[in-house]
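Since the structure comes first, as structure tokens, the remarks are kept for the end.
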Amino acid sequence: MAEPAPRAMRLVVNGRAVNVDAHPMARLLDVLRVDLGLTGTKEGCGEGECGACSVLINGELVNSCLTPVLQADGAAITTIEGVAGADATLSAVQQAFIDHGGAQCGICTPGMIIAATSLLARHPHPTEAEVRNGLSGNLCRCTGYMRIFEAVMKAAAR
Amino acid sequence: MHLASVVDVEATPEGHVRVLAASTEIGQGTNTIFAQIIADTLGIEYDQVEIAQPDTANVPNSGPTVASRTAMVVGKLVETAALTLKQTLIDAGVLDAGGTGDAFTRACRTYVATHGPLRARSTYSPPPGVQWDDEAYRGDAYGAYAWAVYVAAVSVDTATWETRIDDFVALQEIGRVLHPVLAAGQIEGGVAQAIGYALLEEVVWRDGRMANGQMTNYIMPTSMDLPPIRVFFEERPYVHGPFGAKGIGELPMDGVAPAIANAIAHATGAPVSKIPITPESLMDTIASAEDAHG
């Protein structure tokens, strides 16, 4: 079977429409990082296990390492670069991570913030159990998660 | 001595102080504590401290960022290099003995403008009473140990043999705590990693190679797998550490798995002697113990 040809697609990334020429099975992760230069989204495992590649597609939390870019054609994508306000004001979640020591090496942090943002959009006042559940797709090795939970709870309370 | 760690501290033309050390910031807070040590030693603002990129083309060999040594060993060199820098300014007549803050900044600027670059160096030597033979690798590798107590409360499901950790307390004595949030972060992360070590992280070998080297089949703790991790510090300043600090990095990996193993043994009577204590291995341990006594 012949290699699929690159295909013109149109994505709306962080509110901006972009044209992308890529193989339809190219990982959305690679299109974001390499084609669009948005390196905030990280590759932790490439297997959909660690959540470092988390983005929102039409508001839904996905692992971009498992998403063929064709699936994102015509969709609205939010990456970590799109979480802060237009004037670079940090979101409540971002500020809470700073205030409560929620990041150490930072490799999980973009995915954690995307997942937390998604959680709070669905559960504006989560219990700690709901926070743990909402972040269960995001692995962290440095922090032990405690300050991440605290940050998300505090962001929700604001 | 094979490794005598070195740290340089220099005054910049703007009157800032720059630390040149090989210690690497990986999120654990190296840059933060070095800046704190300089700021408190010299009485200047935290924001007046710069940390040079740890590229050994430009910085001296402070040794590797390992072995729980950054705060206690390299941090002490940062402190003593800063004091040497200050003494040079005093000896040059541009700073009073008690000079801090703006006076210190002015003194740096004046000195550099008049005499050129100003760099002070501190080289490691063992604290008094610490004997280390680098040839025979015998003696006291460190001037002091950090100490900890770990307590686990667990529940074991006697149908599935899964262990749930209900509560975890970690008490540490690491000398003076330089930065409470960073120090607690080290313990929380280390305890979480050690919970994985105790219960989840099995390395499967096949023909001398790791067979489960993927996140899919090497299981590490998620947000769902951890108890509240309650961290406490008891401060007993260590006389040879910077502001009394000792090391912390490896400490939380030491006692957590034993605490969990002891708690499981206490709960079930099983003679636990191997980690990870997976449900299937616990079931086997208990079955073997029952066979032995049956």
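Residue numbers begin at 1 in each chain, while the letters A, B, ... track the order of the sequences.
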With a 4.5 angstrom heavy-atom cut-off, which part of [X] approaches chain A: side chain, backbone, both or neither?
{"X": "B:Val191", "result": "neither"}
{"X": "B:Leu226", "result": "both"}
{"X": "B:Pro252", "result": "neither"}

Which of B:Pro227, B:Gly196, B:Gly29 touches chain A most, by non-hydrogen pairs under 4.5 Å
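Highest number of heavy-atom pairs under 4.5 Å: B:Pro227.
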Compare every heavy atom of [Y] with every heavy atom of [X], then report the nearest pair and how far apart it is.
{"X": "B:Glu188", "Y": "A:Thr143", "answer": "CB-O, 3.4 Å"}
{"X": "A:Gly144", "Y": "B:Ala192", "answer": "CA-CB, 3.5 Å"}
{"X": "A:Arg132", "Y": "B:Ser223", "answer": "O-OG, 2.6 Å"}
{"X": "A:Cys140", "Y": "B:Met220", "answer": "O-CE, 3.8 Å"}

With a 4.0 Å cut-off on N to O distance, would you call B:Glu201 and A:Arg141 a salt bridge?
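Here B:Glu201 pairs with A:Arg141 in a salt bridge, since their nearest N and O are under 4.0 Å apart.
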What's the verdict on side chain to side chain contact (heavy atoms under 4.5 Å, CB included) for A:His100 and B:Val181, showing C-alpha distance, side-chain angles and the deciding distance?
CA-CA 8 Å; A:His100 297 280; B:Val181 175; over 6 Å; no
Quick one: pull up CD1 in B:Ile229 and OH in A:Tyr145 and give me the separation to the nearest 0.5 Å.
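OH of A:Tyr145 is found 10.0 Å from CD1 of B:Ile229.
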Using a 6.0 Å cut-off, check whether atom [atom1] of [X] has over 12 heavy atoms from anything other than its own residue.
{"X": "B:Tyr218", "atom1": "OH", "result": "yes"}
{"X": "B:Phe232", "atom1": "CZ", "result": "yes"}
{"X": "B:Asp207", "atom1": "CG", "result": "no"}
{"X": "B:Glu202", "atom1": "CD", "result": "yes"}
{"X": "B:His266", "atom1": "NE2", "result": "no"}
{"X": "A:Met25", "atom1": "CE", "result": "no"}

Test item: A:Glu47 side-chain N/O and B:Met215 main-chain N/O as donor-acceptor pair under 3.5 Å
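Between the backbone of B:Met215 and the side chain of A:Glu47 there is a qualifying donor-acceptor contact (under 3.5 Å).
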If you count heavy-atom pairs within less than 4.5 Å of chain B, which of A:Asn133, A:Ile148, A:Leu139, A:Leu135 leads?
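The option with the most such pairs is A:Leu139.
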Report the option among A:Ala103, A:Gly51, A:Gly44, A:Ser136 that has the most heavy-atom pairs separated by less than 4.5 Å from atoms of chain B.
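Most heavy-atom pairs within the cutoff with chain B belong to A:Ser136.
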Flag for B:Gln214-A:Glu49: side-chain donor and acceptor within less than 3.5 Å
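Per modelled atom types, A:Glu49 and B:Gln214 side chains form no pair under 3.5 Å.
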